[in-house]
Amino acid sequence: MKEFAALYLELDATTRTLDKIAALKRYLQKSEPADAAWAVFFLTGRTLPKVVGSGRLRQWAAQEAGIEPWLFQECYDAVGDLAETIALILPPPTQRREEPLRWWVETMLEPLRDRDEEEKCRAVIEAWRSLDASERFVWNKLLTGAFRVGVARRLVVRALAETLAIAPDVMEHRLMGPWRPEPEFFTRLTQTEGEEAQTAARVRPYPFCLAHALETASALLASPLGRNDPVGLIQAALGPVDQWVAEWKWDGIRGQWIKRQGVHALWTRGEELVTDRYPELAAIADRLPDGLVLDGELLPWRDNRPLAFGVLQTRIGRKHVTKSVLKTAPVIFLAFDLLEWDGEDWRERPLEQRRARLAEVVARVDRAELLRLSPQVEASSWEELALRRAEARQHGAEGLMLKRRGSPYRVGRVKGDWWKWKVDPLTIDAVLVAAQRGSGKRASLYSDQTFAVWDDQGRLVPIAKAYSGLDDHELKEVDAWIRAHARESFGPVRSVEPVLVFELGFEGLQRSSRHKSGVATRFPRILRWRRDKRPEQADNLATLLALLPPEPASPTKAGPVSQTRARVENQPRPALARSRSRIAPPVVRPLFNLDDPEQVEGTEPPRSS
DNA sequence: GTATTTGTCTCGC
DNA sequence: GTCAGACGAATTCGG
DNA sequence: CCGAATTCGTCTGACGCGAGACAAATAC
């Protein structure tokens with residue numbers, strides 16, 4: 001435990017990736033295999049079932065430290081991380097105990113799951129009294145079940161790969177799927193032969209190939225050439241269009257469907273085995289040939305087209321799949337790649353070869369109600385493809401995927417062969433009305449901001465929260481402004497004078513009770529600070545409501561995504577949207593009367609009907 | 001003592 | 001999913 | 001030609017939305 005805690009401190013102390021890898025390698029080499037295996041388990045993002053809720057932990061920690069709950073809460077707010085707060089606040093250890101990581105996990109932590117509350121409390125406090133501050137932090141992280149700190153999976157994989165002299169991509173593959181940290185773990189990673197290894201490999205998925213965004217929007221802003229000729233920009237970046245295969249970018253769940261040794265398995269991108277969550281697919285599993293791995297998208301589907309993502313969401317975390325859910329949210333597997341055929345790894349083969357074989361497989365299975373081939377989007381020029389992209393929402397898609405002809409199926413998010421070319425986001429101008437402090441490195445900043453638009457009563461109604469999109473400098477500026485113009489406090493939330501205007505971008509809109517406006521945005525973010533606009537010039541709720549997807553027969557779930565843009569912009573955007581120096585600071589005006597509709601009439605009339 | 005609401009967590013995008 | 005920032009490696013620039 | 005400056009790719013951490021599961025708190 002001491003060594004593992006020291007490793008954590010080392011990882012936390014630097015942002016340099018090479019230093020992190022060096023520290024990881026040192027740890028892996030000097031530790032007992034059983035401890036190192038657990039370290040890999042946690043550092044690659046795996047978790048044990050949670051044994052104690054954070055509420056209980058807070059309570060026990062405050063008790064043990066001898067402080068009032070409110071004071072503990074204050075400390076927590078300041079620190080921003082529960083495990084760290086507890087580690088810092090407790091008195092020094094009284095019964096120091098040095099045991100390896102494996103002992104703490106296997107002897108102290110895992111057995112707790114079946115114990116009652118009182119015993120858990122005793123064990124947790126005993127551990128706290130036995131560990132020093134940094135060890136406690138690790139222990140707390142293990143308790144809360146989330147050790148996503150300091151290093152991401154990829155660096156651990158690199159360190160492990162270098163330690164065992166295995167290619168990182170191969171290592172990535174071997175770490176996929178189910179495994180338990182045991183002393184033999186490392187020998188199993190190096191030796192793929194043997195019955196045990198074969199069993200483990202039976203349902204093991206391949207690492208997913210992920211795409212990068214084709215950043216047309218920012219490229220347009222950055223390049224004067226691009227603003228006049230976006231298609232030319234793409235041509236310059238990607239070359240001739242005939243070297244690319246285009247498909248729709250579907251709005252479902254990425255999945256890998258495996259059939260090996262008579263058994264089928266469905267994995268999500270988050271490495272969740274979800275075979276039982278989608279039992280309808282089992283109906284055609286026996287029609288799949290053995291030694292097959294498909295990559296594709298799990299989609300809610302009816303009448304020859306996808307349903308909204310919200311429909312699928314009702315099935316994501318669901319444990320009991322009822323008949324009625326199968327009816328309201330029927331899914332299909334839309335396949336777009338073939339990773340394994342006849343037990344052979346096909347990832348190195350060119351895309352077209354994989355696709356051709358995939359098409360044959362899908363045709364032979366011949367159950368279009370459950371398995372389909374994701375169609376190619378044909379175009380003979382980038383101009384034509386750009387037009388097809390604009391139709392994406394009509395097809396229930398988010399845009400296009402571009403894949404280089406002849407490319408292999410790669411590991412992870414590698415630039416060059418796969419691009420996602422999403423449709424442009426919807427935009428709206430909204431007023432900052434409230435803010436809250438962030439957490440972690442943003443714990444001291446009012447970085448968590450709520451934005452509102454005008455309703456027909458002339459009131460500002462919240463529509464979204466967003467933080468991302470401002471750079472550090474702007475964030476600091478806004479933070480200072482918020483502190484100077486705060487009004488009331490509602491717990492940690494402070495309302496502010498409605499003065500600052502920001503342009504928000506988002507992917508879609510749906511009815512929701514989350515915000516007072518009755519709508520919520522998907523993937524909201526700040527596009528730019530509209531220092532040139534006064535709050536009265538922000539958009540109206542009516543403008544926004546006009547974007548809601550047409551109400552389906554039952555008003556429960558979201559329909560297809562809207563096809564309109566939030567606002568028609570007659571003029572090109574300022575090229576220097578993010579420049580701070582050229583635009584005059586906003587004129588601070590006296591507060592206007594929120595109840596007077598005259599004063600809140602926007603300069604841009606709502607476009608609704 | 002049971003029913004309902006509220007909060008927290010974990011998935012997915 | 002979104003985004004900005006930090007870092008390291010690769011590439012270009014300038015003397 | 002070599003060191004400095006710049007660009008590019010990757011990695012990290014801080015966050016949005018909804019739904020369901022589960023536990024805790026509250027209402028009846």
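Reminder, nothing fancy here: chain letters follow the sequence lines and each chain counts from 1. Because only heavy atoms are used, hydrogens play no part in the values below, and waters and symmetry mates are left out as well, while side chains stay in.
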J.: Return the value, rounded to whole Å, for the distance between atom CD of A:Glu474 and atom C1' of D:dA14.
T.: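 Rounded to the whole Å, the gap is 16 Å.
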J.: In whole Å, what is the span from the CG atom of A:Leu43 to the P atom of D:dT12?
T.: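 Between P of D:dT12 and CG of A:Leu43: 11 Å.
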J.: Tell me, yes or no, whether the heavy-atom count around A:Arg413 atom CZ, taken from other residues, nucleotides or ligands under 6.0 Å, exceeds 12.
T.: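 Yes, enclosed.
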J.: Please determine, for the side chain of A:Arg254, which listed nucleotide (D:dC15, B:dT8, B:dC13) has the closest atom?
T.: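 Among D:dC15, B:dT8, B:dC13, the one nearest the side chain of A:Arg254 is B:dC13.
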J.: Quick one: CG on A:Asp539 to CG on A:Leu504, what's the gap to the nearest 0.5 Å?
T.: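 These two atoms lie 9.5 Å from each other.
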J.: Nearest whole Å is fine: how far is B:dG12 C1' from A:Leu312 CG?
T.: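 So the CG-C1' distance, A:Leu312 to B:dG12, works out to 8 Å.
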J.: Pairs of donor and acceptor atoms involving the side chains of residues 51-60 of chain A, under 3.5 Å and at least two apart or interchain, shall be tabulated with distances.
T.:
unit_1, atom_1, unit_2, atom_2, d
A:Arg56, NE, A:Glu117, OE2, 2.5
A:Arg56, NH1, A:Gln59, OE1, 2.7

J.: Any side-chain N or O of A:Lys465 less than 4.0 Å from the OP1 or OP2 oxygen of C:dT2?
T.: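 It does not, given that no N or O in the side chain of A:Lys465 lies less than 4.0 Å from OP1 or OP2 of C:dT2.
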J.: In whole Å, what is the span from the CG atom of A:Leu298 to the P atom of D:dA19?
T.: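 Those two atoms, CG and P, are 18 Å apart.
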J.: Taking atom P of C:dA6 as reference, at what distance in whole Å does atom CZ of A:Arg16 sit?
T.: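 Spelled out: CZ on A:Arg16 to P on C:dA6 is 13 Å.
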J.: Look at the side chain of A:Ser54 and decide which nucleotide, out of B:dC9, D:dA14, D:dG20, has an atom nearest to it.
T.: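 So the side chain of A:Ser54 is nearest to B:dC9.
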J.: Kindly point out which of C:dC7, D:dA14, C:dG8 is positioned nearest to the side chain of A:Leu18?
T.: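 Looking only at heavy atoms from C-beta outward on A:Leu18, the closest nucleotide is C:dG8.
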J.: It should be established whether A:Arg442 places a side-chain nitrogen or oxygen under 4.0 Å from OP1 or OP2 of nucleotide D:dA14.
T.: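 Result: no.
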J.: If the cut-off is 4.0 Å, is A:Lys50 near the phosphate of B:dT10, judged by side-chain N/O to OP1 or OP2?
T.: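 A:Lys50 to B:dT10 OP1/OP2: no side-chain N or O under 4.0 Å.
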J.: Can the ring centroids of A:Tyr409 and A:Trp418 be said to lie less than 6.0 angstrom from one another?
T.: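 They qualify: ring centres under 6.0 Å apart.
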J.: Considering only D:dA24, B:dC9, D:dA19, which nucleotide approaches the side chain of A:Gln313 most closely?
T.: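 Ranking D:dA24, B:dC9, D:dA19 by closest atom to the A:Gln313 side chain puts D:dA19 first.
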J.: May I ask you to check whether A:Trp481 and A:Tyr446 place their ring centres under 6.0 Å from each other?
T.: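 When the ring centroids of A:Tyr446 and A:Trp481 are compared, they turn out to be at least 6.0 Å apart.
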J.: Would you please confirm or rule out a distance under 4.0 Å between OP1 or OP2 of D:dA21 and any side-chain N or O of A:Lys319?
T.: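 For D:dA21, neither OP1 nor OP2 has a side-chain N or O of A:Lys319 closer than 4.0 Å.
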J.: Is A:His320 close enough to D:dG20 that one of its side-chain N or O atoms is under 4.0 Å from OP1 or OP2 there?
T.: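 Checking D:dG20 against A:His320, no side-chain N or O comes under 4.0 Å of OP1 or OP2.
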J.: Just checking, A:Lys141 and A:Tyr8: is the charged tip under 6.0 Å from the six-membered ring centre and within 45° of the axis?
T.: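 A:Lys141 over A:Tyr8 ring: no.
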J.: Is there a side-chain polar atom (N or O) of A:Arg318 under 4.0 Å from OP1 or OP2 of D:dG20?
T.: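 Looking at the OP1 and OP2 atoms of D:dG20, one of them is under 4.0 Å from a side-chain N or O of A:Arg318.
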J.: Could you check how far CZ of A:Arg413 sits from P of C:dC3, rounded to whole Å?
T.: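 Taking CZ of A:Arg413 and P of C:dC3, I get 12 Å after rounding.
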J.: With a 4.0 Å limit, can you tell me whether A:Thr268 has a side-chain N or O closer than that to the phosphate oxygens OP1/OP2 of B:dG12?
T.: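 For B:dG12, OP1/OP2 do have a side-chain N/O of A:Thr268 under 4.0 Å.
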J.: The side chain of A:Arg514 lies closest to which of these nucleotides: D:dC17, C:dT2, D:dG16?
T.: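 Closest nucleotide to the A:Arg514 side chain: D:dC17.
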J.: Within the pair A:Ser439 and D:dC15, is there a side-chain N or O less than 4.0 Å away from OP1 or OP2?
T.: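 Affirmative; the distance criterion is met.
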J.: So if I take every side-chain heavy atom of A:Ser512 and compare against D:dC17, D:dT12, C:dC7, which nucleotide ends up nearest?
T.: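 Ranking D:dC17, D:dT12, C:dC7 by closest atom to the A:Ser512 side chain puts D:dC17 first.
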J.: Below 4.0 angstrom from OP1 or OP2 of C:dG5, is there any side-chain N or O of A:His473?
T.: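 For C:dG5, neither OP1 nor OP2 has a side-chain N or O of A:His473 closer than 4.0 Å.
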J.: Just compare C:dT2, D:dC11, C:dA4 and give me whichever is closest to any side-chain atom of A:Phe523.
T.: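 Within the option list, the nearest is C:dT2.
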J.: If the C1' atom of D:dC15 is compared with that of B:dC13, how far apart are they to the nearest Å?
T.: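 Going atom to atom, C1' in each nucleotide, I get 14 Å.
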J.: Does D:dA14 have its OP1 or OP2 closer than 4.0 Å to a side-chain nitrogen or oxygen of A:Lys441?
T.: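 No, because none of the side-chain N or O atoms of A:Lys441 sits under 4.0 Å from OP1 or OP2 of D:dA14.
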J.: What's the shortest heavy-atom distance between A:Ser447 and A:Tyr467, and which atoms?
T.: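 Shortest heavy-atom separation between A:Ser447 and A:Tyr467 comes out as O-CB, 3.0 Å.
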J.: Measure from the side-chain heavy atoms of A:Ile316 and tell me the nearest of D:dC17, B:dG12, C:dA4.
T.: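 Out of D:dC17, B:dG12, C:dA4, the nucleotide with an atom closest to A:Ile316's side chain is B:dG12.
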J.: Is A:Gly505 touching bases, backbone alone, or none of the nucleic acid, heavy atoms closer than 4.0 Å?
T.: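 A:Gly505: no heavy atom of the nucleic acid under 4.0 Å.
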J.: Kindly point out which of B:dC13, C:dT2, C:dA6 is positioned nearest to the side chain of A:Thr15?
T.: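 That would be C:dA6.
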J.: Counting the atoms with a prime plus P, OP1 and OP2 as sugar-phosphate, which does A:Arg269 contact under 4.0 Å by heavy atoms, base, sugar-phosphate, or nothing?
T.: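 Contact class for A:Arg269: sugar-phosphate only.
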J.: Would you indicate which nucleotide in C:dC3, C:dC7, D:dG13 comes nearest to any side-chain atom of A:Ser468?
T.: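 Nearest listed nucleotide: C:dC3.
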J.: When the distance from CD of A:Gln59 to P of D:dA23 is rounded to whole Å, what number comes out?
T.: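 Result: 16 Å.
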J.: Could you state the atom-to-atom distance from CD1 of A:Ile526 to C1' of C:dG1 in whole Å?
T.: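 Nearest whole value for this atom pair: 16 Å.
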J.: Describe the nucleic acid contact of A:Gly53 in one word from base, sugar-phosphate, nothing, applying a heavy-atom distance below 4.0 Å.
T.: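 It contacts nothing in the nucleic acid.
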